[in-house]
Amino acid sequence: MAVISRGFHGRARDKGHELPPGQYETTGFPVLSAGPTPEVSFDDWEFTIRTETGVRHLWNWEELLALPSQTPTVDLHCVTKWSKFGTRWQGVSLDVLLEDVESGAEYALVHSYGDYTTNIPVEDLLDGRAWIAYRYDDDEIPPEHGGPARLLVPHLYFWKSAKWVRGIQLLDEEERGFWETVGYHDYGDPWREQRYQGD
Ligand SMILES: Nc1nc2c(c(=O)[nH]1)N[C@H]1C(S)=C(S)[C@@H](COP(=O)(O)O)O[C@H]1N2
Ligand SMILES: [Mo]
């Protein structure tokens, strides 16, 4: 692995980090959870993709870790206006998980352990833009940040990156998730500042 030179100005900063409109940068890692952190052991952990026709594809922890993984470094943008640059994760691309799933569905509803849900168009899960992440900063993902595994879909506001992810339901019609039901935007593009319904 290459040694990263930090220069004279503190932490390494890649070129090209940009703040979407209305955001500020934080160097901390705030925890935002709508409820308590669910306890999910690696032994009990399962991830399911259920198609619009009811076919279920299931992976346990061992099977997830056996799949080819990637190590994306990405910027995060929370709708409460903090952005965090250059976060390092390891996870399995949704391209890999959806590869053998026969589906023509356009919509996905992501489900978490606990009761959280969020809706995302299927195409936004593809083309190297979304991962089931299981490591953060060369370590297990801390439970409060979504471990054992969380969805990582950094091109949308961070509420779409469901912590403690348990499954993805593929749907012909869009169904709104937890925050979308109470007024947050169905799509949530930080660059177009799509915070609330109607933005
Ligand atoms: N299951 C679940 N996933 C979730 C949330 C949640 O409350 N429950 N909060 C969302 C919101 S609003 C944000 S900003 C990020 C926060 O992730 P963090 O706590 O790791 O910073 O997780 C998202 N995923
Ligand atoms: Mo958020």
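Counting starts at 1 for both ligands and their atoms, following the listed order.
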Among His111, Glu175, Arg50, the one residue meeting side chain to side chain donor-acceptor pair (under 3.5 Å) with Gln169: His111
Heavy-atom pair with the smallest gap, counting every atom of Asp95 and Gly128: OD2-N, 2.7 Å
Residue among Leu171, Asn119, Leu170 satisfying side-chain contact (heavy atoms from CB on, under 4.5 Å) with Tyr107: Leu171
Residues, nucleotides or ligands: over 12 heavy atoms within 6.0 Å of Glu144 CD: yes
Starting from the N and O atoms of ligand 1, collect every protein N/O partner closer than 3.5 Å and put each pair on its own line with the distance to 0.1 Å.
unit_1	atom_1	unit_2	atom_2	d
ligand 1	1 (N)	Ser112	OG	3.3
ligand 1	1 (N)	Lys163	O	3.1
ligand 1	3 (N)	Lys163	N	2.9
ligand 1	7 (O)	Ala34	N	2.6
ligand 1	9 (N)	Leu32	O	3.1
ligand 1	17 (O)	Arg150	NH2	3.2
ligand 1	19 (O)	Leu32	N	2.9
ligand 1	19 (O)	Lys163	NZ	2.6
ligand 1	20 (O)	His145	ND1	2.6
ligand 1	20 (O)	Arg150	NH1	2.8
ligand 1	21 (O)	Pro30	O	2.6
ligand 1	22 (O)	Arg150	NH2	3.1
ligand 1	24 (N)	Ser161	O	3.1

Phe29-Tyr136 aromatic ring centre distance below 6.0 Å: yes
Shortest non-hydrogen contact from Pro30 toward Trp82: CG-CE2, 3.6 Å
